[in-house]
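Note that the structure is predicted; figures quoted are calculated from it, not measured.
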Amino acid sequence: MMKNNGTMNSGMTENGIVNGGVAGSGIPGALPMETAMPENVPVCDRMMGKATLAARPRTILLVHAHPEPTSFTRHLVTVAERTLAGQGHTVLQSDLYAMQWKAVFDADDFPQRLDTQRLSFIDESRHAFAQGCQTADVEAEQAKLQAADAVILVFPLWWFGMPAIMKGWIERVWAYGLAYGYGDAGNAHRYGEGGFAGKRALLAVSVGGPEKDYSPRGINGPLEQLLFPVTHGALFYPGMAVLPTFAVYDTGRMDASVADRATMAWRQRLENLFTDAPIPYRRQNGGDYPDRHVLADDVAPGQTGIMAHVAGVMDSSIPARSPLGVQDGPAGPQKHASATRPISPQP
């Protein structure tokens with residue numbers, strides 16, 4: 001039985017409508033039948049071929065944020081752990097609620113202050129990372145990140161974004177010298193380069209609202225554009241190759257048959273974690289941004305906004321097909337899932 005708060009009985013498989021990527025979004029390379037080898041894969045891996053690359057044991061970090069063990073979000077984590085381990089990969093986890101992760105980024109993150117009179121986050125982060133005087137919890141998470149070949153963030157959409165605890169994980173762990181200011185070179189190495197270059201990233205998002213709300217002209221707006229600050233900002237900025245988002249929709253209303261299809265689709269995405277083509281975001285140092293700030297006049301002429309920064313997109317008004325919603329969240333966000341059809345328990 002599905003509870004009316006969107007959580008899932010432990011005896012039930014996952015539920016919801018699945019869109020494995022951004023097909024129909026105008027983003028080229030989203031889950032193609034034949035995927036190209038990513039540009040940032042080492043030459044030796046290119047020579048090995050995609051089949052060998054996919055089978056090669058890797059290390060994957062699963063970061064997830066949901067306090068309810070029977071939630072759909074936690075189900076995605078369980079499926080991921082079993083699927084990846086079954087492929088021979090090493091799976092690391094950061095269960096942020098179980099860890100009681102400190103979400104607030106503040107002066108307590110810098111036990112050995114460079115300047116005790118004024119808190120400059122950039123200066124203190126640079127100092128703490130370079131001198132090895134960060135807090136123990138941050139250092140532990142950075143060690144997991146540096147060991148990982150891929151990072152998967154699994155979370156419900158609450159008020160059109162990730163839970164605050166996960167946002168706080170990024171804010172505290174993404175240190176100067178690692179995720180930004182790489183090599184102490186300011187903005188020289190960002191958007192396709194940096195401390196996380198060579199790693200892959202994937203978001204797995206549970207969505208409470210109906211897919212039509214997030215269709216090209218849907219009222220909530222397209223998911224891939226709404227998640228742009230995460231995919232393009234937090235992940236591509238420090239160099240990760242970001243895969244199209246995996247989303248499951250209408251999670252408070254779906255029955256077991258849809259749940260089974262969702263499970264199969266999620267396993268397929270995990271099996272293709274190292275072969276699916278990433279979103280072709282434009283690289284800062286790839287020639288499209290001559291001054292490292294603004295697109296050249298002859299690149300995506302006439303286009304503005306988010307989609308101009310995705311290579312090959314001809315129409316900036318084309319949104320991602322993946323919808324955005326709110327799952328297992330407070331009563332306020334949950335009401336946005338449907339204006340006419342209330343969420344009710346499912347058998």
May I ask you to decide if E68's main-chain N or O and S71's side chain share a donor-acceptor pair within less than 3.5 Å? yes
In terms of side-chain geometry, is the basic nitrogen of R118 or D115 positioned less than 4.0 Å from the acidic oxygen of its partner? no
So for atom CG, which belongs to L119, do other residues, nucleotides or ligands contribute more than 12 heavy atoms lying within a distance under 6.0 Å? yes
side-chain hydrogen bond (donor to acceptor under 3.5 Å, both in side chains) involving K167 - partner list, sequence neighbours excluded: E171
What's the separation between atom CG in D184 and atom NE2 in H189, rounded to the nearest 0.5 Å? 10.5 Å
Parallel, tilted or perpendicular: rings of H89 and F274 (30°, 60°): tilted
Roughly how far, to the nearest 0.5 Å, is CD of Q284 from CG of D291? 9.0 Å
Would you kindly check if the NZ (Lys) or CZ (Arg) of R172 is within the cone defined by 45 degrees around the ring axis of W101 and under 6.0 Å from the six-membered ring centre? yes
Just wondering, do Q131 and L114 contact through their side chains at under 4.5 Å, heavy atoms? no
Ignoring hydrogens and angles, state whether a donor on the side chain of E81 or Q93 is under 3.5 Å from an acceptor on the partner side chain. yes
Between W174 and the options F196, Y237, Y182, the ring-ring contact (aromatic ring centres under 6.0 Å, His included) test singles out F196
When rounded to the nearest 0.5 angstrom, what distance separates OH in Y97 from NE2 in H66? 7.5 Å
Take R200 and D276, measure what salt bridge (charged side-chain N to carboxylate O under 4.0 Å, His left out) needs, and give me the verdict at the end. CA-CA 10 Å; R200 305 200 121 203; D276 277 342; over 6 Å; no
No-hydrogen, no-angle side-chain donor-acceptor test under 3.5 Å, Y249 and S206: no
Salt bridge present between D108 and K102 (N-O < 4.0 angstrom): no
Regarding N285 and E193, is there a side-chain donor-to-acceptor distance under 3.5 Å anywhere? yes
Look at the aromatic rings of F228 and H309 and report parallel, tilted or perpendicular, splitting at 30° and 60°. tilted
A164 versus A103, closest heavy-atom pair with distance: O-CB, 4.0 Å
Going through the distances and angles, do S94 and E141 end up as a side-chain hydrogen bond (donor to acceptor under 3.5 Å, both in side chains)? CA-CA 8 Å; S94 292; E141 295 306 294; 2.5 Å; yes
Distance (rounded to the nearest 0.5 Å) between L62 CG and K144 NZ: 10.5 Å
Counting only N and O atoms by type, is there a donor-acceptor contact under 3.5 Å from the side chain of K199 to the main-chain atoms of G239? no
Would you please classify the geometry between the F110 ring and the F121 ring as parallel, tilted or perpendicular, with 30° and 60° separating the classes? perpendicular
Atom pair CD (Q225) and CG (L223), whose distance is rounded to the nearest 0.5 Å: 10.0 Å
Indicate, with yes or no, if I306 and Y191 share a hydrophobic cluster defined by side-chain heavy-atom contacts under 4.5 Å among Ile, Leu, Val, Met, Phe, Trp and Tyr. yes
